[in-house]
Each structure stands twice: as structure tokens, then as C-alpha cells.
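Worth knowing before you read on, the calculation uses all heavy atoms, side chains too, and leaves out hydrogens, waters and symmetry mates.
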Amino acid sequence: MFAFCPAGELFFKSPLKFTTLQFLKLTLVIQCVVSTKERLMNNNNSTKSSRRWLGSLIRKFNRFCRKFHLIKWLVVFFLTVTLVGSIYLTFLAKTAHVQNLESSLSKTTEIFDASNQKAGELYAQKGTYVHLNRVSRNIPKAVLSTEDRNFYHEHGFSIKGIGRAFFLLLKNKLLHHNYISGGGSTLTQQLVKNAYLSQEQTMTRKFKELFLAIQVENVYSKNEILTMYLNNAYFGNGVWGVQDASQKYFGENASQLSVPDAAVLAGMLTSPSAFNPIDHPKAAKWRRNVVLQLMVENHKLTQAQANYYKKMPIEVRDTYVRKDGYKYPYYFDAVIDEAISKYGLTESEIMNRGYRIYTNLNQSQQQQMQATFKNNTLFPANASDGTEVQAASIGVSPTTGGVTAVVGGRGQHVFRGYNRATQIKRQPGSAMKPLAVYTPALEAGYKFDSELVDKKKSYGTNHYTPKNYNNVYQGKVPMYEALAQSMNAPAVWLLNQIGVDRGYQSVKDFNIPVTKKDKNLALALGGLSSGVSPQQMAGAYTAFANGGKIMKPFYIRKIVDSTGKVIVDNTAKQQGRQIMPASVSKQMTSMMLGVFNNGTGADAKPYGYSVAGKTGSTEADNTGSSDATKDKWIIGYTPDLVVATWEGFDSTSQAHHLENLSGTGMGPLFRNEMQTMLPYTRNSSFNTKDAQTIVQDQQNSHNNLWDTIQKKTEQYSDSIGQKAKRFIDDAKKWFGQ
């Protein structure tokens, strides 16, 4: 047959040197043979013509290859790609720190508070870790018979498995599928896939898996690898590891499992959701019997034993108790977010690598804040359709910037869900006045008792006209009273006097995100284009409580890996940034003490404590109610603690809005927070008094001085009068004589 196809002779001259070119030639040979046989049956003359044409084509191809050294270049290209890929994958495997794998899998990530006391645990793919000597021998026999019979005789990979993976790759490429439909991964490869890689079915992941598996085999013994695999395997129903799986399905420790029960667990490894005995008992029994037969093939059971075990029913007994170390959900969510965004870790690494994360958490304050949010009597009633009024609070140490407590919402918590304390962007209303107006005004030379114009006025070409609540105006009002009573007209007038540019720069200095769109007089009343979060507002108010030095809120002080190595060190005292003189922050505090003593926050003042701060609210448009409110804010502080609280609906509408635009109404919530959290601080005192008290003291002092002068004058007058009278009397006597 090959006599009719010269390409066959070209290929079979050197059968041992199989090159890319020869592969192409072989393809042509096959095509040539098929076409030749067909032509022989039809027409011998056409066969001779086809043979001559094909021979000519191959000769031309050979000349082309020799002229341009095509084969050499293909070989060089292939070797270069192989070398570069091997170097990259080797580097990846070496830098994966597989020497930490066992410690990271065996330990749970723990969270510690500001006093270095354990506060809780983080885990996703974590079960109760047990060593191999505490696992029934039936489990390894069943698992290895099912998953990797040559486990003890290979070095992390299987040639047959790799060949099968390549075959499936070619098949899927031809079918235009961009994935691998399986391929014999060894037990070690499955371990590194679960520990380091994603579950995507691609050839790139398979190569990474292969090199990491080899590196793991270089570091650990076979028994250590098997132990890690059994403890890191998923068994459905949120259960990881053989110990917890044994408790979940059979009510026993892993050391007590019988042969058929071990076969059930081994059978679940390929598809935990499909073969677990709780949800799919029939499928689990069928799969168990398959595993038992595989154990016979692997010489771990006799056929008679397998037949006996196959007849036994599966008896499920669930005694598993899920661990719940996620004690402070919103705080722990924020810790994970900061570790990801600020320090480049992944969620999987944080949850599963056995880190020790040291935070600024104050457990007592956090517990009190959480308890407050569970007290429904402190919140407005739900909307008519049952929608719950939402809220969020955060506590920050003004001297360090450390977040001591945080709650991001009411109702059911969702893991790493919406945290309103850190993520909402809402208008701050009058809570912006101290930042945008009064602080820069004091820096510009105004005093806390300077008189401001309190009249209804229009500004600019657009006739912007701010209004006081209830349209009440006094003509003139001292600054401290305008702030305490949250008057709008004086605040806008004052910003216009000092200049919008000065107020805009002041807001930026407070780390509030503003854009050029915000550079207008509405800034005085919190009219921002993007809005702020409670965390940003709390951070801004640290400057007032900390002598003019602003601190940026943060959660994590230090992260230590499972081997004890410090990978994040943020324990050095935060320097902060001085954004105003201490004298200005002192005057601001004296004015904001009045907010809680006799102003809009009077009903929010905690009993027995002096608190400074500001309330705020924003109007809800298109609701048909003049008092409809979209957002309510209270930010209060002492020298030891800043608490920012927001209240409102996630989505404001005619059916979903708050009432009472004055800014009050959430006083009991804030009062309860401060009253229960402040006992867990140093209870430091302010170095100033309420501005109104200072003014009254000055007036009293002035009055006392005038009274003294009047008394002295009267005394002197009386004395002089008496002396004059005696002089006159003496004179009369003398002249009379």
C-alpha cells in the first residue's frame, strides 16, 4: 500500500526520531493511504495521477523546511516555552511557602482584641483537625482505593493522569470547550488544589497543581500529606475534615468508623452534595458499594467481606455541633475587608491559614453596641410594608484611631455583606457645620461668641436661600448658640463671609471626600455630591477630641502567620495629622458641649457624662411631608471615645422615610450607646466648659466687678460725705464763735 505513497518511505526510514515535521508527514501519509485506496477501487489512472501530485507536494514541503530550518526553529521555540514555563512554575512552587501548609491547615485563624485577649475565630474550610493516629485505618484504605491507589509509590503526580489530562485537553479544544473535563489528579494534587488554587478547570491550573504537588512531596512525608488531605477534604453540609464528617453522619469520632461507614465518606469525596447519606441516602448507598468493590480490587477487602458490607444499611446519626466563633460579625467583616484591601491578603488565606490577627476591638464596648441594636424599642416603628428602619454605629479611639466597636445594620447579618457603618454614602446634614463652617471661622479670627447674622437671605445668581427649622429667625445670634441649636441661616451667612474656598479646604483637611461640585454654599449644610459613612464622620471628629490632631480609623494592629512570623506590624503609635490649633479644637468643643446640654442633642445626652458633638438630618424630597427626613446623624465624643451613629432607610421613598427634620428623634438610641460604652473608657474630662457657661461666667464676673465698684463708690461717697459734714459743722462752730 505504501508503494503508492512516497511519504510513507520518508517517515519510516527513521521511526525512532519522531519530530514535529514527521508528525505532519504521518498525517499526510494517512490521508494519502485513504485517498489511494478509494482511487484504486474507482480508477487506476486517477490513482497514478494523485500519487504524482502528492509526491510533488511533499518534495516541495521538504525543500521549504530545509531552506528555512523550520524544524530547528520549532524545536527552539518549544524548548524556550518549556524552559520559561518551568522556571515560572518552579518559582511559584518555591514561593508558596508549602513548609507552612501543615501548621496553617491545623490551626484556626483567631482574632484578638486591644488587650490581646482572644475575641473569636474565623474559618471557612476548617474542621476539627485530628492526626492520623486518631483516624480509623478503614478511612485511608477506602480513600486511597478510591482516589489514589499509587499514593505511596508516586512523587506527587501520575504519568497516566497527566496523559489523560492532555488527551482531554485536545478533545475539548477540538470541541471548543475551554476547560478540562477531569484528569487523574493524585491525592497530593487534590490537597494543593484545595489549599492554594481555585477550582477552575484549565490547563494552567493543572500545571500549577503539578509543580506545587512536587514541592509538597519534597517537604512532607506521605503520612503527613494524607493527614492534611483527610482534614482538609469537604464532606458536604458545610462540614470539613473526617472528624467532623464522622460526627455529622454517624455520631462517632473518626477513630471509631467501621469499614462501610468509611466507604461512605470516601465515596462522598468526588461529589459531597450528591452522595451524602442525609440528603441522598440511595445514591450514598450505591456509591458506598462502588467504593467497597474498589477496595476489593486494591486488595484491602476480600470479595466475601465486601458482599457482606454491601448488604448493610446506612444508619445516619447527626451529633455534629457547628462551632460559632464569629462573635462580632460586623467587626470581623471589617477586619477581613481591611486585611484584603490594605494588606493584599485574600479571603481564603485569612479564613484558612491559621493567622493570629490583633485588632483595636474593645469587647465590652462591642457587646454593648450590639445589645443596643437588638433593642427594638430604641428605633422607630417599621414602615407600613414591614421594612425595617436601618442604622449603623461606630466607636473610635480619638488618640489612636483604633476602631473599638462597629455595628453595620439591623436584622440578619450576612457574611461580608453590606456594612452601613463603613460603606454607606449619605448626606451628613448639619453634622458638617463644625467641619465646613465653624472650625475655619475660628481659624479666620472669629470667636465662639461672635455675633452672626440670623436672617432669611438669598445668595448668588441662583438665589440660594437657606431656611431655619420652622422659619424662625432672631436677627443676630452668638456663634455657640447657632451651632447648638443647629441654625441654618447663620451657618450659610458665616461660610459666605469667610469664603467657600476656605470651608471647602477645611472639609478636605477632615478627610471627607469632596469634589469641585461641592464647592458652594450648600456645603455648610452638608450638601455633598457623594456623601459620607459613619466611619468617615467618626474619623473627622477625632480632631476635636484630640487637640486638633486627626486620626484615621483602622482595625488591625498586627497579623502573625501560623508559624509565628509577623507579616503585618501596625503596632507603632499612629502619628495623626494636626489640622487645627489646639486652641481652636478647645473652642469647638466648648461650643459642641452645648449641643447635648441645651441644644438639638439634649435628649441624647448620657446621664452622668459630658459629651460634645453635633446632630444632623437631611430632608427627604417628594414625600408629601414637610417633616420627612432621609438621614439622621449624631456624632458625639469625649477625650476617650468618638461615636458616630446614622439612622434611616436604605432606600428613601414616600413610604420609607423618617419624621422630624429637626435632627432629634434618635436621641434614646445614641444615649443608650454612650451610656453603656463610656464606662469602659478612662472617663477623661474635657479641659473646657460649655460655651454658654463660659459666657455666663464672664457676665457674672463682669456684674460682680460692677457691683464691687458701686459698693466701693458708695462707701467712699459715704465716707467723704461724713467728713464733709463734720468739716462744715466745725466751720459753722468756728464762724459762730
Next on the checklist: salt bridge (charged side-chain N to carboxylate O under 4.0 Å, His left out), that's the test. Do Asp333 and Arg416 meet it? Break it down for me.
Outcome noted: CA-CA 5 Å; Asp333 282 356; Arg416 293 195 67 201; 6.0 Å; no
Next on the checklist: Under the criterion side-chain contact (heavy atoms from CB on, under 4.5 Å), I'd like the reasoning laid out for Thr400 against Gln574: C-alpha separation, chi angles, the key distance, then a yes or no.
Outcome noted: CA-CA 6 Å; Thr400 67; Gln574 305 302 301; 5.6 Å; no
Checklist entry - Could you go step by step and tell me if Phe112 and Tyr358 meet the ring pair (Phe, Tyr, Trp, His ring centres under 6.0 Å) rule? => result CA-CA 5 Å; Phe112 294 87; Tyr358 295 84; 4.8 Å; yes
Checklist entry - Yes or no on side chain to side chain donor-acceptor pair (under 3.5 Å) for Asn546 and Thr399, after CA distance, side-chain angles and deciding distance? => result CA-CA 6 Å; Asn546 193 34; Thr399 56; 5.7 Å; no
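Taking 4.5 Å as the limit, every side-chain heavy atom of Lys558 sits out of range of all side-chain heavy atoms of Asn570. Taking the side chain as every heavy atom from C-beta outward, Tyr438 and Leu452 approach each other to under 4.5 Å. Between Thr387 and Asn382 the shortest side-chain heavy-atom distance does not fall below 4.5 Å. Residues Asn511 and Arg577 have side chains in contact (heavy-atom distance under 4.5 Å, counting atoms from C-beta outward). Using a 4.5 Å heavy-atom cutoff, the side chains of Ser590 and Lys689 are not in contact. For the pair Leu528 and Met432, the minimum side-chain heavy-atom distance is below 4.5 Å. Between Asn360 and Thr404, the closest side-chain pair of non-hydrogen atoms is not below 4.5 Å. In this structure, Arg410 and Asn376 have side chains that are in contact, with non-hydrogen atoms separated by less than 4.5 Å.
Nearest heavy-atom pair, Gly238 versus Arg322, reported as atom, atom and distance to 0.1 Å: O-NH1, 3.2 Å. In terms of heavy atoms, Arg420 sits closest to Trp646 at CD-CZ3, 3.9 Å. Here the shortest heavy-atom pairing between Thr618 and Thr629 reads O-CG2, 3.3 Å. In plain terms, the two heavy atoms of Ile350 and Thr109 that are nearest each other are O-OG1, 2.6 Å. Taking both residues in full, the closest heavy atoms of Ala545 and Pro398 are given as CB-CB, 3.7 Å, listed atom of the first, atom of the second, then distance.
Within the 3.5 Å criterion, the main-chain N or O of Ser533 finds no donor-acceptor partner in the side chain of Arg426. Side chain of Asn468 to main chain of Val472: a donor-acceptor pair is present (N/O by atom type, distance under 3.5 Å, no hydrogens or angles). A distance-only check finds no donor-acceptor pair linking the side chain of His280 to the backbone of Asn276 [under 3.5 Å]. Put simply, the side chain of Thr465 gets close to the backbone of His463: a donor and an acceptor are under 3.5 Å apart. Judged by distance alone, with hydrogens and angles left aside, the side-chain atoms of Asp113 form no donor-acceptor pair with the main-chain N or O of Asn362 at under 3.5 Å.
The aromatic rings of Tyr637 and Phe686 lie perpendicular to each other, with more than 60° between the two planes, well past the 30° mark. Between His413 and Tyr330, the ring planes lie perpendicular to each other; the angle is over 60°, past the 30° to 60° tilted range. Aromatic ring pairs are classed by plane angle as parallel below 30°, tilted from 30° to 60° and perpendicular above 60°; the pair Phe544 and Phe510 is tilted.
For the pair Lys519 and Tyr504, the distance from NZ or CZ to the six-membered ring centre is under 6.0 Å and the angle to the ring normal is within 45 degrees.
Shown here is Lys447, whose NZ atom has no more than 12 heavy atoms of other residues, nucleotides or ligands within 6.0 Å.
A donor-acceptor contact under 3.5 angstrom links the side chains of Asn488 and Lys433, judged on distance only.
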